Amino acid sequence: MARNATKPTALAGVTHTADAAKRLLTSRIGTLVLLNLLAATVLAILSPQFLTQSNLTSVIVGMTYTLLLASGMTLVLVLAGIDLSVGSVLGLTGILTTLMLTWGVPVPLAIIGGLALAAVAGAINGMFIAVFKIAPFIVTLAMMSVARGLATVLTSGYFVSNLPREYTQIGQGSIFGIPIPVLVTIPLLFVFDYLLRNWRPLNQAFFIGANPAAAALSGIPVATVTFFGYVVSASLAGVAAIFMTSRLGMGFFQFGLGGELTAIAAAVIGGASLRGGSGSILGTALGVLLLAIVNNGFVLLRGSPNWLNVMSGLILVIAVAADAYRQRRGRTA
Amino acid sequence: MNTVKRLIKVSLLTLGMLLLAAPLAQPAVAQQETETYGMVVFLRGSEFFNWAYAGMVDAAAAIGPHVRVELQGPAEWDASLQARAIDQLVARNVAGILATAGDAETMIPSIDRAISRGIPVITFDSDAPDSDRLAFVGTNNYQAGFRAGLAVAEWLGNDARVGVSLFPGPTHIRARVDGFKDALLQAAPGAQIVAEVNDEGSVSQAETAITAMLQANPQINVIFASHGNPGPGAAAAVRNLGLQGRVDIMAFDFGAPVLELIQSGEIRATVGQNPYLMGYMGLMIAYSARRPTEVPLFGSFGPHPGGIDTGVQILYIDAIEPFLNPPSF
């Protein structure tokens, strides 16, 4: 304890850049960058296929769905909430959009309709949580069940297929060699990351998550921000649904099944806390990347499929334990 | 000698005619009393179970006009609602029930209650092995995988280098993969299973995992999708890497996307289960179990086997026609 207490003074003499570098390395983001680099380097050495363009493309395209879900989840976690319905909202949005397409609705209208449905699902979550003050866990668990149930009832488990080519092009096409889902998702998340850190209405989410009572007393519109947090989360799940169904050329009621758990895991690895008040889109993206690299490594290095889930679970536990350790050190310091 | 033979022939013939005539004589009496058999499914309206119900309807028509059938069960995947549907059929004292188990445990009390009331219950497609159901009619998954393995051995012989897409957990998937391996290595000892990937049961994950698998193992020339979902994912992976024509795909089941990809030539064949036969044979067994004989081998029920393997067909492009227009109810 005494050693920790003397640390800042000892560092004070060191040059400013070294100080910043050290802070970055010991921060969550720094650790994640290092871990990602480490995993990628090891994989690149062990498997010549890792760095091929086709492999990296498939890894990144595969990541986009989780990236979108996990980014929305991060905002909700920052608000000290949770959104268990994202996977199901993805499934339902995908079903509704593809059904509309098979009914002959023009592609742009079907997409707008699908995204609107996702936003409405988020608004229902947000209303019950922000206005009626029902626990987010309960509300979104109910939405998870309702959305998945509707997707099932609408299709009876049938695949929705024979989608128009203009639609499947969205997921399967690429511009300048970059797949369209990646081209849309990455800039979208950069904007989201910037806004969450710098734009006041969104940035208030951190105060609300850390201490909702104090936030309300200081005049922050807690209910409004919370409400829109869930709308954003569900809308991003809707975007993921458009990409998934157009890329795979079908709608299926089980799309997104379990997606909420991967999203929560990635966000927590990325620094979001289930107690609220912390998290970042960049960290979450690095969490998603780490899980995707490990996943890819497992296949490239011919690891047994049975061990994959064990590995993902271990990463989550280690990340959470490291975070708890750092927080305790921080507190004792 | 000849006389003895003729005598045997004649007596066999007579016996045969009597056996044939016996059921013919019965309906005259039974016709007055209508018998209703219920089928209980989950995902009611789905293609697979509509095929099963079509088989049940045709079996009822074959037995006679006194047999009525009806389709019950929830539109969602919920075994507790199925259990309630069974309870309601039991309350109406139906003649027999065919049920597919949304999960193996939840429906046990309802099934056992029906059996204790003397109503034969036959499970089909998905079993509830710990219940008192009289018989299970469905696919023997080991044999299904075995057939797929034989077909792949036929395609590529000793040159087959196989990548398998599966997800750990369900025993039916393990059984399919085991059967596949055994058949392949038996029929083509030089063939190899090069890799197995976890598709987590999803189409999108299958695409990512199979793309990586194909890159890590460029010698793979055929993919076995051990369940319904990875087939389209495998086709997408092959497309991603521009390997069309160099990697064959053996898919599972006949969902619409798989059929479309067979039509477009991206999937070579699929392992087709036979839900129609499940419904058909299921009703035949229930009808028979409804009629106790003097032979004390079947408890208070009539003769019934403990189970039937309804088998699979390997469906190529020329055989998928009937599946493009599934029955609807």
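Keep in mind that what you see is a predicted model, and the values were worked out from it rather than measured. Letters A, B, ... are given to chains in the order of the sequence lines, protein chains preceding strands, and every chain is numbered from 1.
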Undergrad: Looking at chain B, which one of A/Ser161, A/Ala151, A/Gly256, A/Gly258 has the largest number of heavy-atom pairs inside 4.5 Å, strictly under?
TA: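 That would be A/Ser161.
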Undergrad: Which atoms of B/Ser202 are under 4.5 Å from chain A, going by heavy atoms: the side chain, the backbone, both sets, or neither?
TA: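 No part of B/Ser202 comes within 4.5 Å of chain A.
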Undergrad: If you count heavy-atom pairs under 4.5 Å with chain A, which of B/Gly255, B/Gly233, B/Pro257, B/Pro168 comes out on top?
TA: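 Most heavy-atom pairs under 4.5 Å with chain A: B/Pro257.
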Undergrad: Going by heavy atoms in the side chains, are A/Arg247 and B/Ser204 under 4.5 Å from each other?
TA: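 No - every pair of side-chain heavy atoms lies 4.5 Å or more apart.
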Undergrad: Name the member of A/Val153, A/Thr52, A/Asn162, A/Leu301 that forms the most heavy-atom pairs with chain B at distances under 4.5 Å.
TA: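 Among the listed options, the one with the most contacts to chain B is A/Asn162.
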Undergrad: If the contact rule is any heavy atom under 4.5 Å from chain A, which residues of residues 234-253 of chain B qualify, in numerical order?
TA: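 So the qualifying residues are B/Arg239, B/Asn240, B/Leu241.
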Undergrad: Decide yes or no on side-chain contact (heavy atoms from CB on, under 4.5 Å) for A/Asn295 and B/Gln205, but give the supporting numbers first.
TA: CA-CA 10 Å; A/Asn295 207 320; B/Gln205 179 55 28; 3.6 Å; yes
Undergrad: Count the heavy atoms of every other residue, nucleotide or ligand shown that sit under 6.0 Å from CZ of B/Arg84, and state whether that count exceeds 12.
TA: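 Check fails, neighbour count at 12 or below.
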Undergrad: Which region of A/Leu248, side chain (C-beta onward) or backbone (N, CA, C, O), has a non-hydrogen atom less than 4.5 Å from a non-hydrogen atom of chain B, or is it both or neither?
TA: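 Contact with chain B is through the side chain of A/Leu248 alone.
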Undergrad: Please set out all donor-acceptor pairs under 3.5 angstrom arising from side-chain atoms of residues 216-225 of chain B, sequence neighbours excluded.
TA:
from	atom 1	to	atom 2	distance (Å)
B/Asn217	OD1	A/Arg302	NE	2.5
B/Asn217	OD1	A/Arg302	NH2	2.9
B/Asn217	ND2	B/Met213	O	2.9
B/Asn221	OD1	B/Arg161	N	2.7
B/Asn221	ND2	B/Asp159	O	3.0

Undergrad: Which region of B/Ile210, side chain (C-beta onward) or backbone (N, CA, C, O), has a non-hydrogen atom less than 4.5 Å from a non-hydrogen atom of chain A, or is it both or neither?
TA: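 No part of it gets close to chain A.
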Undergrad: In terms of heavy-atom proximity below 4.5 Å to chain A, should B/Glu47 be classed as side chain, backbone, both, or neither?
TA: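 Contact with chain A involves both backbone and side-chain atoms of B/Glu47.
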Undergrad: With a 4.5 angstrom heavy-atom cut-off, which part of A/Tyr65 approaches chain B: side chain, backbone, both or neither?
TA: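 Just its side chain gets close to chain B.
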Undergrad: Does some side-chain heavy atom of A/Phe298 sit less than 4.5 Å from a side-chain heavy atom of B/Asn198?
TA: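 No. Closest side-chain heavy atoms not under 4.5 Å.
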Undergrad: Between B/Glu260 and chain A, with a heavy-atom cut-off of 4.5 Å, which part of the residue counts as in contact: side chain, backbone, both or neither?
TA: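 Just the side chain, heavy atoms under 4.5 Å.
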Undergrad: Write down the atom of B/Leu43, the atom of A/Thr152, and the distance for their closest heavy-atom approach.
TA: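 Closest pair (atom of B/Leu43, atom of A/Thr152, distance): CD2-CG2, 3.0 Å.
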Undergrad: Check whether A/Phe253 gets within reach of chain B through its side chain, its backbone, both or neither, counting any heavy atom under 4.5 Å.
TA: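 It is the side chain, since no backbone atom gets that close.
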Undergrad: Got A/Gln254 and B/Asn229 here, is their nearest side-chain heavy-atom distance under 4.5 Å?
TA: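 Yes; the side chains approach each other to less than 4.5 Å.
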Undergrad: Of the backbone (N, CA, C, O) and the side chain (C-beta and beyond), which part of B/Ala256 lies under 4.5 Å from a heavy atom of chain A, both, or neither?
TA: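 Both parts, backbone and side chain.
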Undergrad: How long is the straight-line distance from OH of A/Tyr158 back to CG of B/Asn50, given to the nearest 0.5 Å?
TA: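 Rounded to the nearest 0.5 Å, the CG-OH separation comes out at 4.5 Å.
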Undergrad: Quick test of your reading: applying side chain to side chain donor-acceptor pair (under 3.5 Å), list the pairs with at least one residue in residues 53-63 of chain A, sequence neighbours left out, ordered by first then second residue.
TA: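 Sorted result for residues 53-63 of chain A: A/Ser54-B/Gln215, A/Asn55-A/Asn296.
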Undergrad: So, using salt bridge (charged side-chain N to carboxylate O under 4.0 Å, His left out) as the criterion, who are the partners of B/Glu200 when residues are at least two apart?
TA: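 In terms of salt bridge (charged side-chain N to carboxylate O under 4.0 Å, His left out), with neighbours along the sequence ignored, B/Glu200 is linked to no residue.
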Undergrad: Which is it for B/Val258 and A/Phe159 under the side-chain contact (heavy atoms from CB on, under 4.5 Å) test, yes or no, and what are the steps along the way?
TA: CA-CA 10 Å; B/Val258 168; A/Phe159 292 93; over 6 Å; no
